[in-house]
Amino acid sequence: TMSNTFSYYLIYFLIGFESHATEGSKQTSLYVRLTASLWLQTTILTAIITPWSDRLNDGSTGLLQSIYAIFVFEIIRGPVMQVVDIPGNFNRHFFAPRAPDQRRMNLCFQGTKYSLADRYKSMTNILFLTFYYSSIFPGGFLLSALALAIHYWADKFCILRSWTQIPSPGANIAKFSGYFLMAAILFFVVVSTYMFAGFPFDNACPLNSVASEEYVGDFIAYDLEGNEIDISVNDDDENYLFCQQDLFRQWKLPLPNSWYGLEDGEKWMTQDQEMVVFYCAMLSCGYVMYLLLISVSHFLYGFIKDIFTSTYEPDGEASTQGFSEVNGIKGYIPQAKIPGYPFPVLLCHTSGINKELIGWKSPRHSHKYYNVILDVPGLEKSELTQFAITKQWAPSKTHAPSEPAANFCMT
């Protein structure tokens, strides 16, 4: 948890040094880094640091208990912290009544800022955790469905009730999440094959011989903590040898034991297990080939297409509805967001344009109050070269004049 929290703030800090043309590009970059970090620390490292023989251990140190704890943490911690909204409630109920003026009090009621990358990151991490351990923890599908449902309703409540409005990120992050979903399915088929090949996770291979008489009897052993363990060996018990069942750490493909030509004392798969491993391996191979084929064909198709054809393609369809007839439409009005102020400041003269195009309205002041052009007397009538010209062509039924209106804007 501490490692994930530290990585979270570190990634946010590093993203601040990147330059992005759009909010969607920034959110996509943040989503990629957060998701990769969370996959590595939450799921993959958990499997690496857990001993192979503890895969099916029911004890507190077993992998199953760790997976279950992660699911419970994802179900409870995130949604509860979102709904409780400690920073937002603290601003509204503690800082707001003590604000020295109205402006700073209004800032306490703006709501908590959220990131779309965080929301996609949480959803993708739950799916990846479910797919990765599905072969040994199939109950994860039920817990995953429960977690996603809780996250959905918690996010919906917070967006409508407590979170502030964020800039439109577009569809970039939604489209890019498909690549992570394909990667999660790849881990699903490959890791499941390794898990099936490593069953029963005890690193013990039968020798096809019974125990000798010198080992028959009742014995007492002690573990590393000094606890007594009763051991009983019968005369018909089979002999076992230590063998490494983790094929991944041996850099071997998850294939049946018979394919490697192993001797007695080196085999651990049953006949049915070898058949399951074979079909899973073929499925994994087919999916990997499919991904490679799709990737290569997509690259070659785009490369050849750019050489022989035009790359421009019109987006959308022509509509008979005019720009001014669209409800809630916003124009490109130069403005800047200044920390500590509830509304942006306008960087152009707005007398000749429709005020609805600005996209926001203060309940206390007009738009002139937030216009920095009017801070300098006489500047609105000047024609200095450091100001650009803004124009609007609008039908006569709108508030703006039907003729082009020239306005000076800061560049």
[atom1] of [X]: more than 12 outside heavy atoms within 6.0 angstrom?
X: Y260; atom1: OH; value: yes
X: L160; atom1: CG; value: yes
X: F242; atom1: CZ; value: yes

Between [X] (side chain) and [Y] (backbone), is there a donor-acceptor pair under 3.5 Å?
X: E274; Y: M269; result: no
X: R98; Y: F94; result: yes
X: H367; Y: W360; result: yes
X: H151; Y: E74; result: yes
X: T50; Y: L63; result: no
X: N371; Y: V345; result: no
X: S37; Y: R33; result: no

Subject >> Close side-chain approach of T112 and Q82, heavy atoms under 4.5 Å >> reply: no
Subject >> Interatomic distance, S232 atom OG to F219 atom CZ [nearest 0.5 angstrom] >> reply: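 Result: 8.5 Å between the selected atoms.
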**OP:** Assert yes or no for the condition that the ring centre distance of Y132 to F188 is strictly below 6.0 Å.
**Re:** no
